[in-house]
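A short worksheet on the structure shown next.
None of these values were measured; they are calculated from a predicted model. Below, chain A is the first sequence line, B the second, and so on; all start at residue 1.
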2 protein chains.
Amino acid sequence: MATRLSDVAARAGVSVKTVSNVINDYPHITARTRAKVEAAIAALDYKPNVSARSLRKGRSDFIALAIPEMGSPYFAELGAAISRAAKRRGITVLIDQTEGESAAERFVLDGMRGQLIDGIIFSPLATAPAKLTSADTGKPLVLLGERPAGGQFDRVAVDSVQASYDATTHLISLGRHRIAAIGVGGTGTGAVRRKGYRKALKAAGMAHDPVLELAGTGYHRLDGAASMRELLALPEPPDAVFCFNDLLALGALRTLADAGLRVPDDVAVVGFDDIEDGRYHSPSLTTVSPDKEWLADNAVALLLDRIAGNGGSTHRDLTVPYTLEIRESTGG
Amino acid sequence: MATRLSDVAARAGVSVKTVSNVINDYPHITARTRAKVEAAIAALDYKPNVSARSLRKGRSDFIALAIPEMGSPYFAELGAAISRAAKRRGITVLIDQTEGESAAERFVLDGMRGQLIDGIIFSPLATAPAKLTSADTGKPLVLLGERPAGGQFDRVAVDSVQASYDATTHLISLGRHRIAAIGVGGTGTGAVRRKGYRKALKAAGMAHDPVLELAGTGYHRLDGAASMRELLALPEPPDAVFCFNDLLALGALRTLADAGLRVPDDVAVVGFDDIEDGRYHSPSLTTVSPDKEWLADNAVALLLDRIAGNGGSTHRDLTVPYTLEIRESTGG
């Protein structure tokens, strides 16, 4: 039988209301009363019921992180970093996998059905920008990623256009002439990164060739492997490929290995995300490396600041620093 | 301004208590009253406050999954599978990363400080079996993994001794004579898998050589790469290595590539977990493949059965089916 508030009150010789006030850190309680109650709590090993307590206090010290996919190493690494960043501040992160489904994302935007969380860090996939703009979560929310929020929420994101420009320019600087892109398509990440890719080609006086821009069906190794097979079947295959995430690049590398082609000699490959997998791969993968620790730390800080009631109607947009990590897949 | 219970009551022309009874599915409400209240809820787009509601109903339809590490692909893939298995049953999974720390695991065993969750699926790392046995979570809990629970909780686990026996026997069947093991050590996974490894050597009349058993400092690529370097520096290096998880094996493969050694000709490599990374690697990785979908589905079903009040004092132990996937790293 669990110890109840009334047991603590009886042992401390005070009212239930007084015990409740001590637990909830209300002011105007004498040190002596507080000590008596705390001694009774310790003696009886009483554990306050947080659900009841949070209802009164309005804080649970839990935040939620809603991501499309846990099985994707980028989100897994990011989730781990956000969890650590929150823990340093005494906050526990609960992670919700939406699978990028509209219904699951709507549920997040609705404030996660009143779960006892103080706020949400949300990486949307399916929700259209217009819906994000009009959403009323009723809880502080920080957005991650490409999708513009129409100024409605705080946001933390990489400048994907610039980063993709840099990645493509690196391939151009190696003297490559037929540079393919894998992962174009959609209105989110694919569109933004293609913009940077095309911009770099244009700046170098190279025309973009639609036959070298592959959308695929997703952002997994499987899709990268299939897109690379399509590219190798072209009358004039590419001598370089910029994949819009590392998983696509790792799939493409597998296809190149199967075809007996040398990387980077025959085909140079660049990815995006800098997941651990690419660092250990043979050849190791050149990639855009967003500073995930910075991202995690700032997303958590921004959310906690908002939970504390700061920020007002100013919506903040933070840009995550990144580097281009040049490794074996482009001759580094 | 959010719609309140009293707004719904006013519109439906009933008492607040009646609205509350409808929301909480209490019996003895006429179909006509229910219809009136539901129409008012729809018209006003009223969203019940789940925190208050759960307190009365005692159910939130949320469960927690506590794992040591999200950034580890095995746990990321498992978390994704458990999340999907729960969603098929209308349950949302919130994932908590403990980093294998005692304090974080104690917090899980304490029922996660009264968070609004109906139960917990827990993969412990730091907590000693004795503490697991005496834990009193106050909430249904299903354990994952090697750690014996002393009959206290339901548990879902792979038979790691048998699986490690099979993996080692496969290397023996290839005619390898110096079979190393990476990842021994500790009292959990490392100890159990070493037992199966030694058992297989013994069954083949081969002595185990302590110099070929490497503990390393963890279960990451980094540790596998370092352990493999140690093994290659031996006067008589191994011709095969069984790594106790795929990350160790991927690290070992990188060291072998750097050393210019051929896999499997010079050194055959086997892993454990069957993460996607190993399937796409060149060479692809031979590994023990636990049926993660089966594991996820049964862990969720077991927990929900326990939440529903079934199972009594019988504690159930489910063994996850597995296969040995023979791929290029052992000549498959």
With B:Phe244, which residues qualify under ring pair (Phe, Tyr, Trp, His ring centres under 6.0 Å), at least two apart? B:Phe242
Note: B:Ala257 and A:Ser282 closest approach over all heavy atoms is CB-OG, 3.5 Å
Which of A:Gly71, A:Ala81, A:Gly251 touches chain B most, by non-hydrogen pairs under 4.5 Å: A:Gly71
Given that the side chain runs from C-beta out, which part of B:Ala64 has a heavy atom under 4.5 Å from chain A: side chain, backbone, both or neither? neither
A:Pro68 portion near chain B, given a 4.5 angstrom heavy-atom threshold: neither
Most contacts with chain A, counted as non-hydrogen pairs under 4.5 angstrom, among B:Arg279, B:His220, B:Glu99: B:Glu99
If you compare all heavy atoms of B:Lys87 against all heavy atoms of A:Thr98, which two are closest, and at what distance to 0.1 Å? NZ-O, 3.6 Å
Heavy-atom contact with chain A under 4.5 Å, split by part of B:Ser284: both
Give a yes or no on whether a salt bridge exists between A:Arg254 and B:Glu328, defined as a side-chain N under 4.0 angstrom from a carboxylate O. yes
In terms of heavy-atom contacts, A:Ala225 and B:Tyr280 come closest through CB-CE2, 4.3 Å
Please round to the nearest 0.5 Å and tell me the distance separating atom CG of A:Leu94 and atom OG1 of B:Thr92. 12.0 Å
Got a second to check how far A:Ile95's CD1 is from B:Ser83's OG, nearest 0.5 Å? 10.5 Å
Which portion of B:Ala104 sits near chain A, non-hydrogen atoms under 4.5 angstrom: side chain
Between side-chain atoms of residues 72-79 of chain B and protein atoms elsewhere (two or more places apart, or another chain), which donor-acceptor pairs fall under 3.5 Å?
unit_1  : atom_1 : unit_2   : atom_2 : d
B:Glu77 : OE1    : B:Lys292 : NZ     : 3.3
B:Glu77 : OE2    : B:Glu276 : N      : 2.9

Checking A:Leu222 against chain B: side chain, backbone, both or neither under 4.5 Å from a heavy atom? both
Flag the one option from A:Asp96, A:Leu65, A:Asp277 with the top tally of heavy-atom pairs under 4.5 Å to chain B. A:Asp277
